[in-house]
Number of protein chains: 2
Amino acid sequence: MEMLDKGMPATPSETVQRAWARLIKAQRSALGRVERALKSAGLPPLAWYDALLELERVGARGLRPFELERAMLLEQYNLSRLLDRLEKAGYVERRACADDGRGNVVVITASGKAMRRRMWPAYAAAIEDAFGRHLSEQQAKNLDALLGALIARPHST
Amino acid sequence: MEMLDKGMPATPSETVQRAWARLIKAQRSALGRVERALKSAGLPPLAWYDALLELERVGARGLRPFELERAMLLEQYNLSRLLDRLEKAGYVERRACADDGRGNVVVITASGKAMRRRMWPAYAAAIEDAFGRHLSEQQAKNLDALLGALIARPHST
DNA sequence: TCTATATGCATGCATCTGCATTTACATGGA
DNA sequence: TCCATGTAAATGCAGATGCATGCATATAGA
């Protein structure tokens, strides 16, 4: 985890500190609202949607857990357990992987696709309510660009 | 939790969806890195810092838990337990509240102040590394403004 | 004053997460 | 072929979180 401490503590500017605090709070606020909306609609949590979406996109060929892990920026053990839950709910299947005996391939089931579709309206409304409606198109674009610079793989660097 | 479903599902635009996904990932990525940096330095998690900072700012008069809850945008039970941990660690004290027999007043201790001070260098370096260094001053300012629009009290609306 | 309801905070229980470790297989030498 | 090392994924355990609820007190209204 070394962070090249070449001497000085690298204190972020006041502006950066403010933006940092806002990032934490804005995300917690918005994400919390979305999760609560889903739950109150009797639907599974957000992570299920994201995983199902990724899996639906690639279709029958499926994804290796480590691919999904990278796409979703999840820790390995979190993904492993998310897959446990999705599998137990019947939304995905883990199939033995032909190329690599250690791994498996995760494929979405028909009922998984159905659940994803069923989640979308509630999810969409919640995103719009907690997030979208506070921003113009242009602002959303700018925000997207600014945040893009921040995303890095867990553990990298 | 009704969300005024006046008919249509209020689907967010593509742009908003992308920005939303980025917000989740950027925050998870950056926050994860900061938490790991703190932990690997043998320090308590971020929330402790934030709470101690708020408490230090108000000094000896302290804060009611519900005030802290609002400042930090935490759920009531999460704050209650955070205070349990902080209290057990000796960093805060819960004192009976004179005005209101139901509540109490939380005050930071000397050792709490010391811990906050001790955390700052590692925390600052981590923020800078995971966040600040990716942004110019102007970008940080813009990001801060954009995120400001998103913050809302949990449960409100 | 008495009663209904709201507020401040805590807590039991189930679930989820973080961390370290384990298991299984893969791969590249010697 | 055998071993050392690396990588994919799962898992035991401890700690954190979400939820529902409990308890004590406050407050407003009859």
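These values consider heavy atoms only, across backbone and side chains, with no hydrogens, waters or symmetry-generated copies.
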Side-chain N,O (B:K39) to OP1/OP2 (C:dG18) below 4.0 Å: no
Length of the line joining B:M72:CE and D:dT17:P, which is rounded to integer Å: 10 Å
Value in whole Å for how far the C1' atom of D:dA16 lies from CG of B:L82: 11 Å
Length of the CZ-P vector between B:R36 and C:dT17, whole Å: 15 Å
Rounded distance in Å - CG (B:L74) to C1' (C:dA10): 16 Å
Rounded distance in Å - CG (B:L31) to C1' (D:dT17): 15 Å
Phosphate-side-chain proximity, B:R85 and D:dT17, N/O vs OP1/OP2 below 4.0 Å: yes
Within-4.5 Å side-chain heavy-atom neighbours: B:L31 and A:I24: yes
Whole-Å distance separating the NZ atom of A:K88 from the P atom of C:dA14: 14 Å
Contact pattern, 5' to 3', of nucleotides 4-13 of chain D - B, S or - by protein heavy atom under 4.0 Å: --BBSBBBBB
Heavy-atom check, side chain of B:L63 versus side chain of B:V105, under 4.5 Å: no
d(CD, A:E35; P, C:dT15) in whole Å: 16 Å
Test item: B:R133 side-chain N/O and B:D129 main-chain N/O as donor-acceptor pair under 3.5 Å: yes
Under 3.5 Å: donor-acceptor pair, side chain of A:T109, backbone of A:G90: yes
Length of the CG-P vector between A:N78 and D:dA16, whole Å: 16 Å
Ionic contact status for B:R18 with B:E14, cut-off 4.0 Å: yes
Side chains of A:L150 and B:L135 in contact at under 4.5 Å (non-hydrogen atoms): yes
